[in-house]
Asks: 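Here it is, the structure in full.
Letters go in sequence order (proteins before strands), and every chain restarts at 1.
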Number of protein chains: 2
Amino acid sequence: MADKHSPDPVENYISLMRLRGESKCSECALLNRCLPRSLADTNLLPIFESAVSGNFAIDAGEDLLSDETKFSLLFIVKSGTFKAINRINEANIQAFYFSGNLIGLEAIGQRQFDSRIIALERSVICAVDYDKLLDLLNRLNQVKKHFIETISLQHLESLRLFAIIRSGSVQQRVAAFLLFISEQQKRRGQAFLDMVLPMGRTDISNFLGVSPESLSRTLTSLSKKRLIKVFNRRVTLMNYDALSKMLSEAD
Amino acid sequence: MADKHSPDPVENYISLMRLRGESKCSECALLNRCLPRSLADTNLLPIFESAVSGNFAIDAGEDLLSDETKFSLLFIVKSGTFKAINRINEANIQAFYFSGNLIGLEAIGQRQFDSRIIALERSVICAVDYDKLLDLLNRLNQVKKHFIETISLQHLESLRLFAIIRSGSVQQRVAAFLLFISEQQKRRGQAFLDMVLPMGRTDISNFLGVSPESLSRTLTSLSKKRLIKVFNRRVTLMNYDALSKMLSEAD
DNA sequence: CGCTAATTTGAGTCCGTTCAAGGGCGGTGG
DNA sequence: CCACCGCCCTTGAACGGACTCAAATTAGCG
């Protein structure tokens, strides 16, 4: 397969992890949107922290893990973006992960990842030991609740994206994608009409199940309709409502 | 919207539930494939059973719940089949649920269902109180593990179906669907080459994001290639390997 | 500044949809 | 038991959107 990615991601992150000692949730900017959010300002936070293996940075284009990585760590994206590509179909992007997202929820059940996870830009990751976490849940009832809810919400989000992308025209898919990215930014408390796509056109088109050419044409078409403005990877939503309406309308 | 479905599903299943007192997991044929499977032959089973609200039957075409139903119960399909259709796009089938599947995992996070769930044939449902279950998980460590793994696996399954359906041609989508159904049968311990589709052509085509005509043509085309045999809703896989290969090949 | 890879644009083709009509199955009532 | 009817599924023909192939332009990077 590809020869560009790190030879042994598993070993890699363990060594990389040592580059940063920072694993204090109390000092993490993400705390109030993360699994232990209910523990802020309580004396239970250190209990959760004992499951945190550490933080580390990863460069653009580097693999976080491969489809042969055994599952033992859950990753939280502190900053940056990742893409998941499938082993079976290289040209198939399974998901994107943004700041605040958990990576590995789909791997819990089979104790094995089934996709390569690649950083799209320099990113920072927090690693949580799953077995330790599972044990701690009994003492951290709120975290138990949040954890299960998080998996559920991520599942729901997948289903919704699924529905839109499956049934719509290229225009609808692209609109849905832009709104999806916008939603991610909003969740992070950033401006949601002005955005910089962290991934290239090819990645987007693969994700949408569309040819890159069709994507390109659609973007210019939406620009001409004054619904968006495109400048390379910088996209501005000029008419949010009109874009939203496109999703539910016939065509 | 449609006026055919039960006026108030929430009230409905509570009354229907009384029709059957059977809520003994120990007497359930599904036990070894269900959440409390690790508790079989232990004295912990009654603890789990205390979260089971009851069993009830539901007729073909009836709603199990609507998109306005507040989430409080998790449903386990004891027998039969269900489809989930989206509120926003009536013609969009979000998922199928088979014997052994859990219904409601996507609703946990937002405490609200977002699709109508309709029985495709006469089916039997087991209802579990989610909050009770959550409390019990501390005492039932194995169930806690299984429960989270189940959500994870269901999520993974969605992602995989998603990937195939999104990227493939109609042939690939149809092949993937047939293999998916086959997989379900296998999981249930039934013959997996010979199957009866519980849903109509329109439901399948909606699920695959394809016109009913295309689906029909594809089925006859696959028949002519001797890959399958179709007789109404009865489908036989004549060449399992060839069908599998179709998923990964270019076209 | 020049290279390479990514993106855009253009033209032609094909696949899947749409629209329309014909069959077949199951249900209902005589 | 059989005839009728409605619905679902299949088949056919024509259209259209998205893909493919090919070329030009642009961005990113040393």
Asks: Rounded off to whole Å, could you give me the CZ-to-P distance for the Arg233(B) and dG24(C) pair?
Replies: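 Atom CZ in Arg233(B) sits about 18 Å away from atom P in dG24(C).
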Asks: If you check every side-chain atom of Glu213(B), which of dT11(D), dT9(C), dC19(D) has the closest atom?
Replies: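 Minimum distance to the Glu213(B) side chain belongs to dT11(D).
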Asks: Angle between ring planes, Phe180(A) versus Phe207(A), binned at 30° and 60°: parallel, tilted or perpendicular?
Replies: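 Phe180(A) vs Phe207(A) ring planes: parallel.
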Asks: Check the distance between dC19(D)'s P and Asn206(A)'s CG and give it to me in whole angstrom.
Replies: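 Checked: the CG to P distance equals 11 Å.
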Asks: What nucleotide, of dT9(C), dT17(C), dA27(D), holds the atom closest to the side chain of Asn232(A)?
Replies: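 Taking heavy atoms from C-beta onward, the closest nucleotide is dA27(D).
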Asks: From the set dT9(C), dT18(C), dT8(C), return the single nucleotide nearest to any side-chain atom of Arg217(A).
Replies: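 Shortest atom-to-atom distance from the side chain points to dT9(C).
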Asks: With a cut-off of less than 4.0 Å, is there a side-chain N or O of Thr220(A) near OP1 or OP2 of dT9(C)?
Replies: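 So the side-chain polar atoms of Thr220(A) do come within 4.0 Å of the phosphate oxygens OP1 or OP2 of dT9(C), strictly under.
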Asks: CD of Gln171(A) versus P of dG16(D): gap in Å, rounded?
Replies: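 The distance from CD of Gln171(A) to P of dG16(D) comes to 17 Å, rounded to the nearest Å.
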Asks: Does Arg116(A) come within less than 4.0 Å of Asp67(A), counting only side-chain N to carboxylate O?
Replies: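 A salt bridge is absent here (no side-chain N lies under 4.0 Å from a carboxylate O).
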Asks: Just how far, in rounded Å, is C1' of dT7(C) from CD1 of Ile204(A)?
Replies: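 In whole Å, dT7(C) C1' and Ile204(A) CD1 are 12 Å from each other.
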Asks: dT17(C) P sits how many Å from Gln172(A) CD, rounded?
Replies: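 Going from Gln172(A) (CD) to dT17(C) (P), I get 14 Å.
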Asks: Check the distance between dA27(D)'s P and Leu197(A)'s CG and give it to me in whole angstrom.
Replies: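 Rounded to whole Å, this separation is 16 Å.
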Asks: For Glu121(A), is there an ion pair with Arg233(A) - N to carboxylate O distance below 4.0 angstrom?
Replies: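 The answer is no: the pair does not qualify as a salt bridge.
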Asks: Heavy atoms from C-beta onward define the side chain here; which of dT7(C), dA18(D), dC9(D) lies closest to that of Thr202(B)?
Replies: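 The answer is dC9(D).
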Asks: How many whole angstroms separate atom CZ of Phe231(B) from atom P of dC9(D)?
Replies: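 The distance from CZ of Phe231(B) to P of dC9(D) comes to 14 Å, rounded to the nearest Å.
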Asks: What pair of heavy atoms forms the shortest contact from Gly104(A) to Leu74(A), and how long is it?
Replies: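 Nearest pair, atom of Gly104(A) first, then Leu74(A): C-CD1, 3.7 Å.
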Asks: Less than 3.5 Å apart, any donor N or O on the side chain of Ser214(B) or Ser211(B) sitting next to an acceptor on the other?
Replies: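 There is such a pair (donor and acceptor under 3.5 Å, judged by atom type) between the side chains of Ser214(B) and Ser211(B).
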Asks: Would you tell me if any nitrogen or oxygen in the side chain of Ser214(B) comes within less than 4.0 Å of OP1 or OP2 on dG16(C)?
Replies: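 It does not, given that no N or O in the side chain of Ser214(B) lies less than 4.0 Å from OP1 or OP2 of dG16(C).
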Asks: Leu219(A) has an atom CG; how far is it from atom C1' of dT8(C), in whole Å?
Replies: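 Answer to the nearest Å: 11 Å.
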